[in-house]
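Let me begin by presenting the structure, written as structure tokens, before commenting on it.
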Amino acid sequence: MSQLKELLVEELQDLLHAEMQLTKALPEMAAAAHNPKLKEAFTKHLEQTRGHVSRLEQAFELLGVKAQ
């Protein structure tokens with residue numbers, strides 16, 4: 001693998017890790033929120049984050065690398 005591709009994969013792995021952590025934390029944050037608007041914001045952010053995870057997985061597939 002070229003150095004540039006290795007760097008790209010490394011950065012994508014970091015992004016995927018961060019997004020996966022958010023998918024675990026956001027439901028807990030929404031459940032703990034007392035303000036309905038805040039709860040809604042956390043829920044909306046969770047939906048967006050799931051979309052990010054999906055796009056990152058597609059990027060790994062296009063690169064021919066296992067998402068981890």
Side-chain angles (χ1 to χ4, degrees):
M1 194 175 338
S2 73
Q3 287 181 332
L4 184 57
K5 185 176 178 181
E6 286 179 26
L7 179 61
L8 175 61
V9 168
E10 216 174 281
E11 291 298 321
L12 289 173
Q13 287 172 339
D14 287 346
L15 287 170
L16 181 61
H17 179 72
E19 296 294 341
M20 294 303 289
Q21 286 182 321
L22 274 173
T23 60
K24 292 177 185 175
L26 286 168
E28 295 173 13
M29 294 166 73
H34 297 290
N35 184 304
K37 287 187 178 185
L38 182 58
K39 186 180 293 262
E40 181 183 342
F42 285 138
T43 303
K44 185 176 180 179
H45 192 169
L46 177 60
E47 291 172 26
Q48 293 170 341
T49 301
R50 287 181 177 146
H52 298 163
V53 169
S54 178
R55 284 189 294 281
L56 285 166
E57 289 171 344
Q58 289 174 359
F60 279 108
E61 189 176 316
L62 289 171
L63 291 168
V65 178
K66 183 179 177 185
Q68 50 181 333

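Just so we're clear, the structure is a prediction, and the values are computed from it rather than from any experiment.
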What pairs of donor and acceptor atoms, side-chain ones from residues 49-63 against any protein atom, are under 3.5 angstrom apart with sequence neighbours left out?
residue: T49; atom: OG1; partner: H45; partner atom: O; Å: 2.8
residue: R55; atom: NH1; partner: G51; partner atom: O; Å: 3.4

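Between atom NZ of residue K39 and atom CG of residue N35 there is a gap of 10.0 Å, rounded to the nearest 0.5 Å.
When hydrophobic residues (I, L, V, M, F, W, Y) are linked wherever their side-chain heavy atoms come within less than 4.5 Å, the members clustered with L26 are L22, M29, L38, F42, L46.
Residue pairs satisfying the side chain to side chain donor-acceptor pair (under 3.5 Å) criterion with at least one member in residues 6-18, sequence neighbours excluded, are listed as follows: H17-Q21.
Under a cut-off of 6.0 angstrom, the local environment of NZ in K5 is crowded, with over 12 non-hydrogen atoms contributed by other residues, nucleotides or ligands.
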